[in-house]
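Each remark here refers to the structure printed beneath this line.
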Amino acid sequence: MVQAQVQAYEIDKKALPSDIQDLVAAEYLNADTTTCPNGDAITISADGKVESEES
C-alpha cells in the first residue's frame with residue numbers, strides 16, 4: 001500500500017517523497033500507517049523504494 005502511495009505522490013508532485021512524513025503531510029497516508037503491523041519502521045530510499053527496518 002505504501003509503495004502505491006509513493007508512486008501517486010511522485011505522479012502528482014513530479015518528485016519522490018524524501019521520507020514517510022512527506023506522505024503523511026501531503027495526506028497520502030494517515031499518521032497511524034507509518035509502521036508495519038509488526039511495529040517495524042517504514043522507510044523510503046532515494047530511488048523511491050519502500051523498505052521496512054526492524055525496530
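Of the inter-residue distances, the one linking Glu53 atom CD with Thr43 atom OG1 reads 4.5 Å to the nearest 0.5 angstrom. Note that CG of Asp22 is 10.0 Å distant from CG of Leu16, once rounded to the nearest 0.5 Å.
Nearest heavy-atom pair across Lys14 and Ile11 is NZ-O, 3.2 Å. In terms of heavy atoms, Leu29 sits closest to Gln5 at CD2-CG, 3.9 Å. Closest approach of Val6 and Ile44 over heavy atoms only: CG2-CD1, 3.8 Å. Closest approach of Thr33 to Asn30, counting heavy atoms only: OG1-O, 2.7 Å. The heavy-atom pair separating Val50 from Gln3 by the smallest distance is N-OE1, 2.9 Å. The shortest heavy-atom contact between Tyr9 and Ala26 is CE1-CB, 3.9 Å.
Tracing side-chain contacts under 4.5 Å through hydrophobic residues (I, L, V, M, F, W, Y), one reaches Met1 starting from Ile20; they form part of the same cluster.
The backbone N or O of Lys49 sits less than 3.5 Å from a side-chain atom of Ser45, completing a donor-acceptor pair.
Counting heavy atoms from C-beta outward, Tyr28 and Val2 have side chains that stay 4.5 Å or more apart.
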